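Following: one structure in structure tokens, then a few remarks.
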Amino acid sequence: MGFAPLAILIPLAILVPLAMLGVQRLLAPRRPDATKAAPYECGAPILGTAHPRMPIKFYVVAVLFLLFDVEVVFLFPWSVLARDLGWMGLAQMLLFLGVLEVGLLYVWRKRALEWE
Amino acid sequence: MRRSPIAHEPFITTRLGPAIDWARKNSLFPLPFGTACCAIEFMGVVSSQFDVSRFGAEVVRFSPRQADLMIVAGTVVYKMAPILRTIYAQMAEPRWVISMGVCASSGGFYDDYCTLQGIDQIVPVDVYVPGCPPSPELLLDGLLKLQKKIDEQRLLEKP
Amino acid sequence: MPNPNPDRVRGHLGEDFLADCSSHGDLVYAVHRRGHRRVLRALRDDPELRFDMLMDLTAADRMHLPQRFERFEVVYELYSLWNGWRLRLKVPVPADDPHLDSIHDVWKAANWAEREAFDMFGIRFDGHPNLKRILCHHEFVGHPLRKDYDRRRGQWCATTETLEDELQLRRAAEHRAHNGQAEPAEALTSERMLVNIGPSHPVSHGTLRVLVELEGETIKHAIPEIGYLHRGFEKSAEKGVWNNVIPYADRLNYVSALSNNVAYVKAVEKLAGVEVPDRCKFIRVILNELSRIMDHCVCNAANIVDVGALTNFWYLFSVRENIYKVLEKLTGARLTNSYTRVGGLARDLYPGFADDVRAVLKESLPYVHDVLTLVKNNRIFQERTVGVSAFSATEALSYGWTGPCLRACGVPLDARKRDGYYFYDQFNFDVPVGEKGDAYDRILVRFEEIFQSVRIIEQALDKLPGGPVDTDRNRFVLPPKQEVYRDIEPLMNHFMLVMFGTPVPPGETYDSFEVPNGELGFYIISDGSGKPYRVRVRPPCFYLYQAYPEIIEGSMVADMAAVLGSLNVVAGELDR
């Protein structure tokens, strides 16, 4: 079935970062102090916080991106097997896309795609 | 201050130490703290004719968190001194400082009310590169001297 | 330089007229401080005189000079763009009560200049919105350019200013501008973020600091702070002899050091009344134009890199390296040349210089063409720079802008064409002028100026006359070394010049020169000893950068990089 690559990849994905962090724990110098831990502000004193209330448009863009990104993720497996799935598969995919495009049209009309 | 737990283990430090020093010296990430004319010569060093990339130090990072070599290129005045000190303090060990040019090394010919007479008054300097401005070959020579110094440093054994 | 009708100017001065101090071809009047504000405003608004630009505002401490009204003097250098006239007004200020009215609302350029005069001399300007130090750090005590301040007395600074006070001033001004209109419900608005884009930052091109208040990505307030490279040029210039200032002048605008050299010695030669031979003038023109090419290459390279295109940086720096080879052969140094001397040059050209320069230009021009082709019609580049920070010509003139930035706003002011010194009126070249004054225009104006500079250099090389490079005025320049080693007269001449300086007679003058960044002016006072009494640099970047908050407010953070690079603010010149 081909799960052998997965069986190699997942342990590697866990072990390699752990090994890197472990080597760093053994070998790297550690001398924390207050100035070093302070946020970097080009050397100048820090004004304001790093967590102000952000304008909502950043959130809107992020959520829309997430939605359509997931849609693209669904497109990938279909496109690999498109020939095998035939016309029926195409029709189902078009239906799926159509539902999402209605949503896109709504977002467009509601002017959520404009930045200002 | 915490010593590395394998610092006093003789076999490991004599095998691993040189290897780590070799890796560190050949992949320095400079932070060009460029203030004045020396910064232009530093830009010349990074450019294609003098190519600091041959020595592994072409990845300039302007954030102290991501750099390990601070090249102070240009005059540092008293107004700039707190900034320099803060940025040096925010660099993570291991860190080195090259003082490029006479202004950074000793104040240059600006012996007056506003110029810091040498950055070694506020940060520890590893290599001083003289010149006003130093020619790019001289800065590369300074970089090589620093690499030799890193070779001899044996950071694993230092506290 | 042509001067305005003195009677008309005198008419405006009225009863505040103190004295006529004209000299060296300049028109200079001393004005009483009770009326100088009225006088300056009248001179600006007069329909015939039209002094619409304040070129420089500075001060001098005349404590050791025999000829003076009071201890301090505030000097206003005016320029009429329309007529090409210059006028200088001096306002004496007594030491026991050093204050006078501010003129920051007459010309916007006066704002920072008055802060600097306060910082350096302690002269208070009544009515100034924010009179605090600009070049020295905030813990500094005293006023360094006063004659009783010891040059070597340094003062440490332990902290960096947070700039909150200026931020509050700005917020108050914004609130007033909105007339305190009702804001939407507090809970739903986003908070503004304060980001310090500080002196050590890749986009800041040196030691410039800006505190920005962001709403999302838009900059609502921008507060610049300068002085992080204030090295005391003007105080150091008073330490040695006239020629000793030349290395300091190199390091003003260090990307085009030779231009600064030429500008300085030109001013001193004007004060001394010395005429240099034609060959010297042609050589200075060639070197100035080579510096212009180098400066515009670096400026555009850095600017385009900030916008995101890295390849062009390598290409344009290669141009610079090629020119460096020629300059190194000629002057001995790549970057900081110190080649000119008062009365001539350090040495003559080496044989083969003309061929070398022609070869270098031929090799380097294709690089510039390549870069221009890559960016000119590039969609991404245009999106990043077209329409960004468009600046109107009237605002630019009020801020005292000169050079390529002003030309990009549509004003064809080029001192080379207007004044025609050093045979510039005999060369065939165009002055590129932009339309909107946005970042795109500035970058393209600079590219075009590179091509025009190449034209000038080629014409100058063709016409280069023979002859000496130093003036033949008696005992003004160093005699040849062979004679110094042989006879007693040249030896004594050499000794006097090196130990006691060039004999520049007492007096004062202002002279300017078109360097790559605009008009670099020098206001110099001589007391007759071989040492300069006062050397004031009129830095083009200082007046350019003052407009930066006004340009950048309302734009996005990402535009900061494109704009700051296009202004070509060099900290060495800005802070001196």
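Below, chain A is the first sequence line, B the second, and so on; all start at residue 1. This structure is a prediction, so every number in the text was calculated from the model and none was measured.
Between the B:Thr115 side chain and the C:Gly232 main chain, no donor and acceptor come within less than 3.5 Å of each other.
Contact of C:Glu573 with chain B is not made at all, since no heavy-atom distance falls under 4.5 Å. Residue contact with chain B, scored on non-hydrogen atoms closer than 4.5 Å, involves the backbone of C:Arg153 exclusively. B:Ala39 does not touch chain C: none of its heavy atoms, backbone or side chain, sits under 4.5 Å away. For C:Tyr248, the parts lying under 4.5 angstrom from a heavy atom of chain B are both the backbone and the side chain.
Of the residues considered (C:Ala158, C:Pro144, C:Gly572), C:Pro144 shows the highest number of contacts with chain B, using heavy-atom pairs under 4.5 Å. Per-residue counts of heavy-atom pairs under 4.5 Å with chain C were compared for B:Ile122, B:Thr35, B:Ile87; the largest is that of B:Thr35.
We find that B:Asp112 and C:Arg151 are not joined by a salt bridge, their nearest charged nitrogen and carboxylate oxygen being 4.0 Å or further apart.
Annotation: side chain of C:Arg231 is in contact with side chain of B:Val77 (closest heavy-atom distance under 4.5 Å). You'll find the side chain of C:Leu135 stays beyond 4.5 Å of the side chain of B:Lys79, heavy atoms only. You'll find the side chain of B:Pro133 stays beyond 4.5 Å of the side chain of C:Arg334, heavy atoms only. B:Gln49 places a side-chain heavy atom less than 4.5 Å from the side chain of C:Lys325. Here the side chains of C:Ser318 and B:Ser47 are not in contact, with every heavy-atom distance at 4.5 Å or above. Side-chain contact check for C:Tyr228 versus B:Thr75: every heavy-atom pair is 4.5 Å or farther apart. Side-chain contact between C:Phe317 and B:Ser48: absent, with no pair of heavy atoms (C-beta onward) separated by less than 4.5 Å.
To the nearest 0.5 Å, atom CZ of residue B:Phe50 and atom CD of residue C:Glu321 are 5.0 Å apart. Atom-to-atom distance recorded for B:Ser135:OG and C:Leu335:CG is 11.5 Å, nearest 0.5 angstrom. For the atom pair OH of C:Tyr324 and CD of B:Glu41, the computed distance is 5.0 Å after rounding to the nearest 0.5 Å. Rounding to the nearest 0.5 Å gives a distance of 7.5 Å between NZ of C:Lys239 and CZ of B:Phe109.
Residue-environment remark: CH2 (B:Trp22) stays at or below the threshold of 12 foreign heavy atoms within 6.0 Å. At most 12 heavy atoms of other shown residues, nucleotides or ligands fall within 6.0 angstrom of atom OH in C:Tyr315. Surrounding CZ of B:Arg65 are more than 12 heavy atoms belonging to other residues, nucleotides or ligands, all under 6.0 Å away. Dense packing is recorded around NZ of C:Lys132, with more than 12 heavy atoms of other residues, nucleotides or ligands lying under 6.0 Å away.
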Step by step, would you call B:Val46 with C:Trp314 a side-chain contact (heavy atoms from CB on, under 4.5 Å)? CA-CA 9 Å; B:Val46 175; C:Trp314 312 132; 4.1 Å; yes
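Nearest heavy atom pair, residue B:Ile83 against residue C:Pro199, reads CD1-CG, 3.5 Å.
Ring-centre distance between B:Tyr113 and C:His230: below the 6.0 Å cut-off.
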